[in-house]
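The shown structure was predicted, so the numbers you read here are calculated from the model rather than taken from an experiment. Ligands are counted one by one from 1 in listed order, and the atoms in each one are counted from 1 as well. Only heavy atoms go into these numbers, but all of them, side chains included; no hydrogens, no water, no symmetry mates.
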Amino acid sequence: MTQPGLTDAEVSRFKTFGYHVMKQVFSAEERATIRREFDFMLAEQYGPSAYDGSKRHWTMMMDEDTPFFASLLEDPRFLTVARQLYGDDVVGIGIDANRYTGDTHWHRDTSTVHQYGVKFAFYLQPVAADTGALRVIPGMHRLPDDDSFREGVRALELEEVPCTSLPSEPGDVVAFDLRLWHASHGGSTDRRMCTVVYYANPKTEEELTALRNQGEGNVRAGLRNFEPKRQYLYSKSWMSNPHGSPVRRAWIDRLTEVGYFEAPGVVEA
Ligand SMILES: O=C(O)CCC(=O)C(=O)O
């Protein structure tokens, strides 16, 4: 196996344009495990035949009942890259699984530009420019204030916005800065996509406030919008750090200190 991590040139490109595609990260055996755990947890959360393509289904995948998914935040294929991009103190935040339906309109993934990090996304089906691949507007994670940019983008049809498409095959992983504007067009009514997310460790007051508020934001974005059975982001089991991982311990301690876990619904009651 090759050493995990990006080359210096890849890191520099990511910092400039905000994305990077990692080819064939998962083996065929791992892809089979991913499909099995994906099916299991989506059926657990919504019922075995609840999906009819009318509404996105979403669930966290952090716990011991999906052990392969649960291992991904500390998998060097992701963690090493996240540390290269955002520093050794980058914080692991979440792993999820989605069944998307239809187009996804232009947006970024954080509520303010003061809160950033990386999302690693992988699809279980091939996706191309007009069949649901992620579209990004390169470099737009660097705007210090994107209010007027947002207005400009929202005034256009999804397909009119100049962008780059990031086609991918099962096994590939698309990494992008959470502030990067992205969308997708023409995907199927059952587009299966999973993500592994890290946040930069906040340094300034604005960044600390943004991270604290993001706990509540994530509850709204996930639990309230998509209504899975499990009404919390982090289980008591995950918070108990059952394998005694020093990496997870440091993340939990930092997120506790910042107040990220405080909003109702963030942690299992
Ligand atoms: O795959 C898609 O349609 C959009 C994915 C997306 O917006 C996201 O992961 O934040």
Novice: Closest non-hydrogen protein atom to atom 6 (C) of ligand 1, residue and atom name please, with distance?
Specialist: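 That would be Tyr100 OH, 3.4 Å.
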Novice: As an exercise, identify every atom of ligand 1 less than 4.0 angstrom from a heavy atom of His107.
Specialist: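 Checking each atom against His107, I get 7 (O), 10 (O).
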Novice: Sort out for me which residue in Arg230, Met41, Lys236 forms a side-chain contact (heavy atoms from CB on, under 4.5 Å) with Asp63.
Specialist: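 Testing Asp63 for a side-chain contact (heavy atoms from CB on, under 4.5 Å) against Arg230, Met41, Lys236 leaves exactly one candidate, Arg230.
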Novice: Among protein heavy atoms, which lies nearest atom 1 (O) of ligand 1, and at what distance?
Specialist: Tyr123 OH, 2.9 Å
Novice: What do you reckon, are the aromatic ring centroids of His141 and Tyr116 less than 6.0 Å apart?
Specialist: no
Novice: Run the numbers for me: atoms of ligand 1, each under 4.0 Å from some heavy atom of Arg191, listed by number.
Specialist: 1 (O), 2 (C), 3 (O)
Novice: Measuring from atom CD of Gln214 to atom CG of Leu178, what distance do you get when rounded to the nearest 0.5 angstrom?
Specialist: 8.0 Å
Novice: Quick one: which ligand 1 atoms are inside 4.0 Å of a heavy atom on Thr104?
Specialist: 2 (C), 3 (O), 4 (C), 7 (O)
Novice: Taking 4.0 angstrom as the limit and counting only heavy atoms of Lys119, give me the atoms of ligand 1 inside it, by number and element.
Specialist: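 It comes down to these atoms of ligand 1: 8 (C), 9 (O), 10 (O).
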Novice: Backbone, side chain, both or neither: what part of Asp103 comes under 4.0 angstrom of ligand 1, heavy atoms only?
Specialist: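 Asp103 to ligand 1: no contact under 4.0 Å from either part.
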Novice: Is it the case that more than 12 heavy atoms not belonging to Glu29 sit under 6.0 Å from its CD atom?
Specialist: no
Novice: Do any N/O atoms on Asp109 end up under 3.5 angstrom from N/O atoms on ligand 1?
Specialist: yes
Novice: Give the atom numbers and elements of ligand 1 that come within less than 4.0 Å of a heavy atom of Ser184.
Specialist: 2 (C), 3 (O)
Novice: Looking at Met193, which atoms of ligand 1 are within less than 4.0 Å of one of its heavy atoms?
Specialist: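 With Met193 as reference, the close atoms of ligand 1 come out as 1 (O), 5 (C), 9 (O).
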Novice: Kindly say whether the aromatic ring centers of Tyr234 and Phe261 come within a distance under 6.0 Å.
Specialist: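 Tyr234 vs Phe261: aromatic centres under 6.0 Å.
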Novice: Examine distances only and state if a side-chain atom of Asp146 and a backbone atom of Arg150 form a donor-acceptor pair shorter than 3.5 Å.
Specialist: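 No; judged by distance alone, with no hydrogens or angles, the pair does not exist.
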Novice: Side chains of His107 and Asp109: donor-acceptor distance under 3.5 Å anywhere?
Specialist: yes
